[in-house]
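This report concerns only the one structure given below.
On a predicted model such as this, the values are computed, not experimentally measured, just so you know. Every heavy atom of this structure was used, including side-chain atoms; hydrogens, water molecules and symmetry mates were not.
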Amino acid sequence: MDVSQYLGVFLDEAHEHVQTLSDQLMVLENDPENEDSINEIFRAAHSLKGMAGTMGYKRMQKLTHVTEDVFSAVRSGQMKVTGGLVDVLFQALDAIEAYVDNVQNTSDEGTEDNEGILEELNKILQEGTGEVSSAGGAAPAAAAAPAAEAAAAPAAGASDEKALYKAMKLDDSQVSTMKDAIVAGQHVYGVTVYIDENCLLKAARAFLVFKAIEEFGEVAAVEPSSQDIEDEHFDFHFSMFVVTEEPLDKVIEAAKSVSEIVDVVGEEFNEDMLAAPAAEAEEAAPAAEAAAPAAEAAPVEAAAPAEKKAPEKKAAAAKPAGKAVTNRTVRVDIEKLDVLMNLVSELIIAKNSIVSAGANMAQKGSDSDVDAHFNEHIEYLESVTTNLHESVMKVRMVPIENALQKFPRMIRDLEKSLGKQMTLTITGEETELDRTVVDELSDPLMHLLRNSADHGLEMPDERRNAGKPAMGSIFINAFQDGNNVIIEVGDDGKGIDVEAVRNKIIERNYLPEERALQMNDKEVIEVLFDPGFSMAKKVTDLSGRGVGLDVVKSKIEALGGDVEVRSKLGEGSTFVIRLPLTLAIIQALMVVVGGEKFAIALGNIQTIEDIPISDVKLVENKEVIQLRGTVIPIIRLSEILDAPSKNDPNANLVVAVVKKGDSLAGLVVDELIGQMEVVIKSLGKYINTTRIISGATILGNGEVALILDSNALF
């Protein structure tokens with residue numbers, strides 16, 4: 001069976017399990033007796049092992065199997081969690097993550113066996129329990145036997161209510177085939193598999209069970225039909241008859257190895273049982289259908305099945321090599337989909353109303369009553385489309401937590417490698433952003449955190465001498481501000497020494513000395529974001545190549561955002577990232593500059609002012625206005641855009657006051673058109689624009705208007 005169609009599902013769940021392992025290992029390092037974390041790690045490793053096995057990723061399956069065995073021993077009290085064990089487990093987690101990344105990039109897990117990590121884990125397991133993992137070598141027979149008995153137990157005690165395979169209707173050809181198999185010395189098992197009722201893709205789970213069993217047997221009959229299972233036209237259980245040479249416990253173990261399978265029951269059939277009258281099966285059906293599993297069966301392991309060459313080749317053939325698999329899924333609350341469905345229904349009603357009104361206008365001609373009625377329908381349609389837009393935006397929104405989950409582990413590793421004491425505090429992780437934005441945030445945030453750890457925080461002795469606690473603090477704060485999301489990344493370290501940066505600029509001849517001496521503090525700090533510029537005295541694994549802050553700036557600007565720095569020498573630095581909520585549709589103010597139409601995001605605009613030309617003053621050779629006690633610089637868009645204004649030079653100025661963080665600026669335009677909801681279209685690679693132009697939109701009359709990024713203007 002080709003499982004390549006489930007590769008996306010595998011990757012989504014694998015990433016979740018890897019993150020769970022990372023989070024819970026962090027908890028376990030500080031609280032080695034935490035039973036909840038131990039159980040979570042065991043479950044995540046068990047699920048990953050089963051998923052990897054059914055997808056044919058044997059190396060990943062082997063490593064997760066040994067990890068599961070270690071935590072099985074920890075759960076049973078046979079061994080304790082130590083610092084050394086946690087370090088090895090983090091190495092194993094990195095190896096598992098590398099397998100998942102390889103699968104995402106090439107659809108194949110790679111060729112790294114990680115024998116060193118397997119040996120370390122088996123050594124720890126053997127020292128703690130006297131046993132070796134069945135995945136890492138031959139398990140003792142005494143250890144394998146209880147597992148086999150445990151796996152067989154559900155089958156032996158299976159009630160008629162749960163044994164839905166007894167109600168299956170077999171045709172003559174199926175019965176004949178299975179009887180022939182029994183005569184030939186093979187086993188025939190009736191099996192019923194129960195899927196977790198919270199499972200989102202039960203068809204995928206069912207076919208992964210078939211794939212696991214087909215490694216060593218043949219599915220002779222299934223109910224409901226394969227087509228119904230593929231179309232998800234079945235409850236959370238299905239039954240089948242399996243022909244194999246293997247024992248029943250191996251069939252049950254293979255089915256249970258698939259994640260979200262909560263129970264498997266089965267028994268062996270002989271020729272007489274296969275010949276049972278159909279009436280008996282029909283009597284069993286009502287009682288069987290009435291029962292559904294409520295509790296998850298405890299996962300049980302037997303000795304790992306011997307690998308067979310033919311099935312492994314089949315699994316490998318199903319995976320197209322060399323093609324990256326992009327994560328393009330979003331998990332959506334069902335209530336959001338209900339709202340979306342209702343709005344689409346309203347949209348259809350609005351469309352029908354307009355069609356009807358148009359037909360009436362064609363029959364009666366234009367009159368005031370008909371026009372008014374038509375305008376009402378247009379207003380109704382506008383209301384529905386606005387609500388539909390907001391609903392679709394909410395569907396695309398995901399918590400920023402998705403981009404922050406891996407950073408506590410990263411800070412833990414940096415603490416050890418740098419010899420510093422540091423802690424990471426995250427607030428506002430529930431803040432939501434467009435999925436496409438969240439996916440791109442990991443790299444810039446990673447560079448900022450590394451910058452804080454390497455450059456920002458001092459060594460413990462240095463902090464004590466400065467009157468600070470030895471433990472340095474790094475923080476990430478996220479919150480919504482109007483139509484933007486603000487992410488602050490900072491530390492309580494030594495801050496940015498502006499004069500040291502200025503001296504480095506001069507020392508490296510990065511800029512002429514005269515220019516460097518004239519730069520204000522903000523301009524000096526901006527140099528840190530330039531490609532290739534670094535303050536590090538030597539190149540290390542963490543810094544010195546001048547690519548960190550450059551990546552931050554380019555990534556954030558590509559997302560339509562901006563970065564600013566707040567720093568105080570001796571107290572720390574904070575990098576403030578401002579991002580748009582979504583990249584798709586915005587409310588904009590349409591303006592005219594030099595005869596051309598432009599759009600400015602309404603969320604950035606504070607007020608619209610009519611300013612007499614006499615109120616414009618010069619400060620340091622720059623035009624400013626005073627507005628309600630605040631001095632605000634003005635920017636003439638006609639000069640920036642090279643579109644000469646057609647207005648009278650002595651006429652009052654139309655000024656849109658925009659905000660960027662704590663700063664204000666006045667954008668001078670020729671004319672205001674009004675507010676409009678615009679769809680942002682990327683200019684792509686066709687036009688090499690400056691950051692001032694963030695995209696384009698198509699107006700109702702077919703004209704194209706450029707969208708201005710006010711954050712790039714000051």
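Put simply, the residue from V668, V624, I625 that forms a side chain to side chain contact (heavy atoms under 4.5 Å, CB included) with V616 is I625. A side chain to side chain contact (heavy atoms under 4.5 Å, CB included) with I474 is found for exactly one of L424, L448, L414, namely L424.
Looking only at side-chain heavy atoms (C-beta outward), V489 and F475 stay at 4.5 Å or farther from each other. Looking at L667 and V591, their side chains never come closer than 4.5 Å, going by heavy atoms from C-beta outward. In this structure the side chain of K659 never reaches within 4.5 angstrom of the side chain of N604, judged on heavy atoms. Residues I577 and I486 form no side-chain contact, since every pair of their non-hydrogen atoms from C-beta on lies 4.5 Å or further apart. Looking at heavy atoms from C-beta onward, L404 lies in side-chain contact with I476 at the 4.5 angstrom threshold. Side-chain contact check for L449 versus D491: every heavy-atom pair is 4.5 Å or farther apart. In this structure, K617 and E623 have side chains that are not in contact, with every pair of non-hydrogen atoms separated by 4.5 Å or more. Side-chain contact between L653 and I613: present, with at least one pair of heavy atoms (C-beta onward) separated by less than 4.5 Å.
Counting heavy-atom neighbours within 6.0 Å of L517 CG, excluding the residue itself, gives a total above 12. Within a 6.0 Å radius of CG in D642, other residues, nucleotides and ligands contribute 12 heavy atoms or fewer.
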Review point. Hey, mind stepping through E429 and I426 against side-chain contact (heavy atoms from CB on, under 4.5 Å) and telling me if it holds?
Key: CA-CA 7 Å; E429 56 264 54; I426 300 176; 4.0 Å; yes
Point to revise | salt bridge (charged side-chain N to carboxylate O under 4.0 Å, His left out) evaluation trace for K555 with E440 | key: CA-CA 8 Å; K555 276 275 191 181; E440 298 295 327; 2.8 Å; yes
**Study point:** Step-by-step side-chain contact (heavy atoms from CB on, under 4.5 Å) determination, V103 to F10
**Key:** CA-CA 10 Å; V103 171; F10 168 79; 4.0 Å; yes
**Study point:** side-chain contact (heavy atoms from CB on, under 4.5 Å) assessment of I496 paired with L528
**Key:** CA-CA 10 Å; I496 297 174; L528 294 173; 4.0 Å; yes
**Study point:** side-chain contact (heavy atoms from CB on, under 4.5 Å) between F598 and V592, intermediate numbers included
**Key:** CA-CA 6 Å; F598 296 91; V592 176; over 6 Å; no
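Counting only N and O atoms by type, the side chains of S567 and S573 include a donor and acceptor under 3.5 Å apart. S473 and D492 share no donor-acceptor pair across their side chains, judged by distance under 3.5 Å alone. Side-chain contact, H15 with E97: no donor N or O sits under 3.5 Å from an acceptor N or O.
Here I600 contributes atom CD1 and L589 contributes atom CG; the two are 6.0 Å apart, rounded to the nearest 0.5 Å. Distance CD/E564 to CZ/R578: 5.5 Å, rounded to 0.5 Å. Residue N650 holds its CG atom at 10.5 Å from OG of S614, rounded to the nearest 0.5 Å. With rounding to the nearest 0.5 angstrom, the CE atom of M422 is 5.5 Å from the CG atom of L457. Rounding to the nearest 0.5 Å places CD1 of I400 at 11.0 Å from CZ of F479. Considering CG of L641 and CG of L706, their distance stands at 8.5 Å, rounded to 0.5 Å.
In terms of heavy atoms, L708 sits closest to L637 at CD1-CD1, 3.8 Å. Heavy-atom minimum distance, E432 versus V485: O-CG2, 3.8 Å. Counting all heavy atoms, side chain and backbone alike, T431 lies closest to Q480 at CG2-N, 4.2 Å. For the residue pair K406 and S442, the shortest heavy atom distance occurs at NZ-CB, 3.8 Å. M590 approaches A705 most closely through the heavy-atom pair CE-CB, 3.9 Å. Listed here is the closest heavy atom pair of I506 and A516: CG1-CB, 3.7 Å.
Remark: E499 engages R502 in a salt bridge, criterion side-chain N to carboxylate O under 4.0 Å. Note on K597 versus E703: salt bridge recorded, some NZ/NE/NH1/NH2 to OD/OE distance being below 4.0 Å. A salt bridge does not link K494 to E571: none of the charged side-chain nitrogens sits closer than 4.0 Å to a carboxylate oxygen. Under a 4.0 Å N-O distance rule, the pair R628/E609 qualifies as a salt bridge.
Within the structure, no pair that satisfies the side-chain hydrogen bond (donor to acceptor under 3.5 Å, both in side chains) test touches residues 514-526, not counting sequence neighbours.
In this structure a side-chain-to-backbone donor-acceptor pair under 3.5 Å is present from K468 to G570. Although no hydrogens or angles enter the test, the distance criterion places a donor-acceptor pair under 3.5 Å between the side chain of Q19 and the main chain of Q405. One N or O on the side chain of N647 and one on the backbone of D670 form a donor-acceptor pair closer than 3.5 Å. Using a distance-only test at 3.5 Å, with no hydrogens or angles considered, no donor-acceptor pair links the side chain of S22 to the main chain of V18. In this structure a side-chain-to-backbone donor-acceptor pair under 3.5 Å is missing from N451 to H447.
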